[in-house]
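As structure tokens, the structure follows; a few thoughts come after it.
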Amino acid sequence: MSEKSQFASKIGLIAATVGSAVGLGNVWRFPAEAQSNGGAAFLLLYIICVFVLGIPVMLAEFSLGRASRSDAIGAFKVLSPGKPWWCVGALAVLASFLILCYYMVVAGWTLEYLVESIGTGLYSHLDEAGGSSLHGIFAAKMQEYVATDAKPLLFTYAMIAINIVVLLGGVSKGIERLSNILMPVLFVILVLLCGVCLSLPGASAGVSYFLEPDFSKITPGVIVNALGQAFFSLSLGMGILITYASYYPSHTPLTRTSVIVSLLSLLVAVLMGLIIFPAVTAFGLDKEPLQGATLVFVTLPEVFANLPWPRLWSSLFFLLLFVAALTSTVSIAEVSVAMLQDRLRFSRRKAVLCVMLPLFVLSALCSLSFGSMSDFKLLGMTIFDLLDTFTTDILLPVVSIGVCVYVGWFAKNKLLSEQLSNAGTLKARHTAVTMNIIRYAAPALIALVLIYNYL
Ligand code: PFF
């Protein structure tokens, strides 16, 4: 077998892990969830979930990956040979691949909106609209860009092709190099857009909605959503962190890495809130319900159309979304690629092609779920919705519980302490607390979420 790949630098491994964590979950799902779940109250719960539960579970995944230096399935096989724990890893690989199928489609939309913003597409014919509102125009454009067959499919394919090129480059020359370039770009754009939106007249009402908590808004449902959001946005339960940690050098401090990654992921979510809430209140668009896709593909173009240089802001915003989506799709594809390389001894090239080529069919089915296959339903859902629901509501919590139960109760006693202290070379005073969360609090609460979703 070829030598195990590693990230080449400290900054690079953080950039790659942050690149995975910062995805559409932070830039789009978070503001929409926050808007419908009480703004600041949701933000507060989300922060608590990230620090109290998210970081310990992240450390459990990191420990599995780095101790075994293997893929998500191999990690359990190496650490507990002959035991059925590898099934948890197999579920993680399954979850990650199914997520990849539909996430690639949404990633394709971000590329499509970027191209349509740079060209004149998205902002053409606005003055000829006559009586119809800007909202109506952008809703019609979204229909065209998302809910027809050919265009969105083309951009999904383009996104798959870009992923193939990056993945063929390998861990340090492909994924790490891409993240090193794109992550700083993402932060610069975020700060710039934040400055623009915060300086709009009337922005302060949006800021107060987002930052002043109203505790009466906290209900069990809001808590469940905050926990789900924290886990999704930290990329937990997908095998990604096991896989990436298997590329971490043995001197990487895992706790510090997990805190930096979580803080940066949180920062992106908060900055997104500071872009979206002021922008929508400034233009009185907060009266409309801000739902996931409509928020970024209809409401925000409406905001940009009201600003000077709409195409500039729109291009920057969709570049941000595209970067977030690309670094996340690459990380989730890597779970299956690493699995094929480690389990079946495939060459990198063969592994990448075996994972990515089927997407030309599977992601196409997800893309057509919005077009000519929108009436094709299984269990009452389109293929896209079915994959989304099955993975986020069932597979991700099940994998996270499996990881916690394994690391907390069944793995070698010292697994966590050895990994957090880098075999005794670092002080890791928080190990006992982390272990207790992994053993009791995290699996119990995730199980409650799982049950709550089905009550
Ligand atoms: N943390 C990622 C996000 O917030 O979007 C989770 C993720 C989803 C990673 C899908 C990768 C992916 F393909």
Side-chain angles (χ1 to χ4, degrees), residues 14-34 46 49-50 54-55 57-58 61 72 92-111 156 159-160 162-164 166-167 175 178-179 182-183 186 190 225-244 258 261-273 292-293 296 320-338 355-356 359 362-363 366 384 387-393 395-397 399-400:
I14 292 199
T17 315
V18 173
S20 164
V22 171
L24 300 174
N26 305 60
V27 299
W28 148 7
R29 199 172 155 205
F30 172 76
E33 290 269 335
Y46 173 66
C49 291
V50 166
I55 291 184
V57 178
M58 186 184 271
E61 290 204 20
V93 175
L94 176 68
S96 66
F97 186 74
L98 296 180
I99 293 176
L100 182 62
C101 294
Y102 72 82
Y103 202 90
M104 198 60 93
V105 174
V106 185
W109 298 342
T110 67
L111 178 59
T156 302
M159 204 66 197
I160 300 174
I162 298 173
N163 267 270
I164 293 179
V166 177
L167 288 163
I175 300 176
L178 176 89
S179 315
L182 292 188
M183 281 297 111
L186 180 136
L190 259 177
N225 284 350
L227 188 66
Q229 173 63 23
F231 272 59
F232 188 85
S233 80
L234 293 178
S235 301
L236 297 174
M238 308 179 187
I240 296 178
L241 301 176
I242 302 180
T243 309
Y244 269 20
S258 72
V261 170
S262 306
L263 280 177
L264 289 175
S265 163
L266 202 61
L267 180 67
V268 172
V270 171
L271 289 176
M272 273 316 289
V296 284
L320 169 85
L321 233 57
F322 166 74
V323 167
L326 175 62
T327 47
S328 289
T329 46
V330 164
S331 75
I332 207 157
E334 181 65 19
V335 176
S336 302
V337 171
V355 173
M356 303 306 282
L359 292 183
L362 297 171
S363 296
C366 294
F384 185 103
L387 290 183
D388 185 10
T389 311
F390 178 55
T391 50
T392 28
D393 288 0
L395 280 181
L396 298 189
V399 171
S400 290

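Note that ligands are numbered from 1 as they come in the structure, with each ligand's atoms numbered from 1 the same way. Starting from 1, each residue takes its place in the sequence as its number.
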Just jot down the salt bridge (charged side-chain N to carboxylate O under 4.0 Å, His left out) partners of Glu334, sequence neighbours excluded, or say none. Arg348
For Ser233 and Tyr46, does a side-chain donor sit closer than 3.5 Å to a side-chain acceptor? yes
From the list Leu111, Val27, Leu186, Leu326, side-chain contact (heavy atoms from CB on, under 4.5 Å) with Leu321 holds only for Val27
Select all protein residues for which some heavy-atom-to-ligand 1 distance is less than 4.0 Å, and list them by chain and number. Ser20, Ala21, Gly23, Leu24, Gly25, Asn26, Ile99, Tyr103, Phe232, Ser233, Ser235, Met238, Ile240, Ser328, Thr329, Ile332
Which pair of non-hydrogen atoms, one from Thr327 and one from Val22, has the smallest distance, and what is that distance? OG1-O, 4.2 Å
State, without any angle test, whether Ser235 and Ser20 hold a side-chain donor-acceptor pair at a distance under 3.5 Å. yes
Once you measure the plane-to-plane angle for Trp28 and Trp109, does it fall in the parallel (<30°), tilted (30-60°) or perpendicular (>60°) bin? parallel
